[in-house]
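What follows is a single structure, written as structure tokens, with notes after it.
Values reported hereafter were calculated over all heavy atoms of this structure, with side chains retained and with hydrogens, waters and symmetry mates removed.
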Amino acid sequence: AMPVALAQEGSAAAASRTPTGKVPAAVSVLSIVEHPSLDALRDGLHDELKDAGYQDGKSLHWAYQSAQGNQGTAVQIARKFVRDRPDVIVPIATPAAQAVVSATHQIPVVYNAITDPIAAQIVKSMAPSGTNVTGVSDKLVADRQVAFIKRVVPDVKRVGIIYSPAEANSVSATREMKVALEKQGISLVEVAAPRSIDVGQAAQRLVGKVDVIYTSNDNNVISAYESVIKVANAAKIPLICADRSSVQRGATGAMAIDYYRMGRQTGRMVLRVLRGEKPGDIASETSDRLDITLNLDAARRQGATLSPELKAEASEIFGKP
């Protein structure tokens, strides 16, 4: 069926095939919040569609909205997108996907940036779902994160973590980090930050109690990251995170997924759906490529000594040598 949004425009493009022989496609993207990782993901997705010949306003009806971190807003946008009847809806991050998946069982959904799509009840397993849903998970293996923390702070005994109790992805990441750390004889100190404004105070509560502060892909925490950086700098506690853009902003380092590339990976999946594959026949994927990113200025401010080996392995280094 022709996407309603395009049919209403009654444009020549909607009436005829495009120069590339493609029927115009409508792709609606709902992000739970705007921050650099999720924005890079959106841009990677958009670029993948562009490179496949889908042009904005001609062969592509692209709709993007952010819920500004508000779950109620996410539900409203999800319902609006379902009424628009696009060809594919791409929800970015767990709360956005939960809103979209509960709003439609018909329209193809290709989720992205969900740490644990099974715990979040987006899909039953990573195998083809048989439903209208597939997508890409940004799950990080906790053991590899712990190994990276130990490379930055070899004598670490206590790791602090700030997380949002309402984000299923953060709760499961925190639980897995606890298990992985305890295997290495390291204890985890958890502090909850339910809202963005609680993040700075949560970081403050870790001062004097931990050797390292670690943050997972928690959208709430990342949207207020400057307040964590400020505490880490003042207290000289190395800050280690799970996304590249937070290192650029002022964390010491990360072993992280490249979100732009992950957006491209999602775009390839969206193209498969636009070409007629059913989402339920496509297995969910994860990104297996992890890159080390370091920030030398942040390391100095936070009292971390980075080994020459670690610097040699980094795919990206911010700050002055």
Ile162 and Leu206, any side-chain heavy atoms less than 4.5 Å apart = yes
Lys/Arg N to Asp/Glu carboxylate O, Asp84 vs Lys80, below 4.0 Å | yes
Any Asn295 side-chain heavy atom under 4.5 Å of Gln248 side chain = no
Taking NZ, NE, NH1 and NH2 as the nitrogens, is one of them in Glu285 or Arg268 under 4.0 Å from a carboxylate oxygen of the other?
-> no
Within 45° of the six-membered ring axis of Tyr259 and under 6.0 Å from that ring's centre, is NZ or CZ of Arg244 located there?
-> no
Below 4.5 Å, heavy atoms only, C-beta onward: do Arg264 and Asp47 meet side chain to side chain?
-> yes
Lys139 and Glu176: salt bridge (charged side-chain N to carboxylate O under 4.0 Å, His left out), yes or no, with the steps?
-> CA-CA 11 Å; Lys139 188 180 184 67; Glu176 285 168 21; 3.1 Å; yes
Where do Ala142 and Ala180 come nearest, in terms of heavy atoms and distance?
-> CB-CB, 3.8 Å
Any luck finding a side-chain donor-acceptor pair between Lys150 and Gln184 under 3.5 Å?
-> yes
side-chain hydrogen bond (donor to acceptor under 3.5 Å, both in side chains) with Ser37: which of Asp243, Asn219, Asp258?
-> Asp243
Salt bridge Glu182-Lys178, side-chain N to carboxylate O under 4.0 Å = yes
Distance, nearest 0.5 Å, that separates CG of Asn132 from NE2 of His105 = 7.5 Å
List the steps, then state whether side chain to side chain contact (heavy atoms under 4.5 Å, CB included) holds for Ile229 with Leu239.
-> CA-CA 7 Å; Ile229 293 163; Leu239 176 57; 3.9 Å; yes
Distance from Thr252 atom OG1 to Ile240 atom CD1, nearest 0.5 Å?
-> 7.0 Å
Heavy-atom donor-acceptor pair, Glu313 side chain to Ile292 backbone, under 3.5 Å | no
Mind checking whether Arg151 and Glu309 have side chains closer than 4.5 Å, heavy atoms only?
-> yes
Identify which one of Asp218, Thr215, Asn220 satisfies the side-chain hydrogen bond (donor to acceptor under 3.5 Å, both in side chains) criterion when paired with Ser170.
-> Asp218
Donor-acceptor side-chain pairing of Ser284 and Tyr111 below 3.5 angstrom = yes
Is any side-chain heavy atom of Leu45 closer than 4.5 Å to a side-chain heavy atom of Val29?
-> yes
Taken to the nearest 0.5 Å, the spacing of Leu306 CG from Arg300 CZ works out to 9.5 Å
d(Leu271 CG, Tyr54 OH) to nearest 0.5 Å is 6.5 Å
Decide, yes or no, whether a salt bridge links Asp143 with Lys183 under the criterion of side-chain N to carboxylate O below 4.0 Å.
-> yes
Which of these passes side-chain contact (heavy atoms from CB on, under 4.5 Å) with Ile92: Ile114, Val33, Leu30, Leu38?
-> Leu38
Salt-bridge present (Asp281, Lys278; N to O < 4.0 Å) = no
Interatomic distance, Asp138 atom CG to Ile257 atom CD1 [nearest 0.5 angstrom] | 5.0 Å
Check: Glu48 side chain, Met269 main-chain N or O, donor-acceptor pair, under 3.5 Å | no
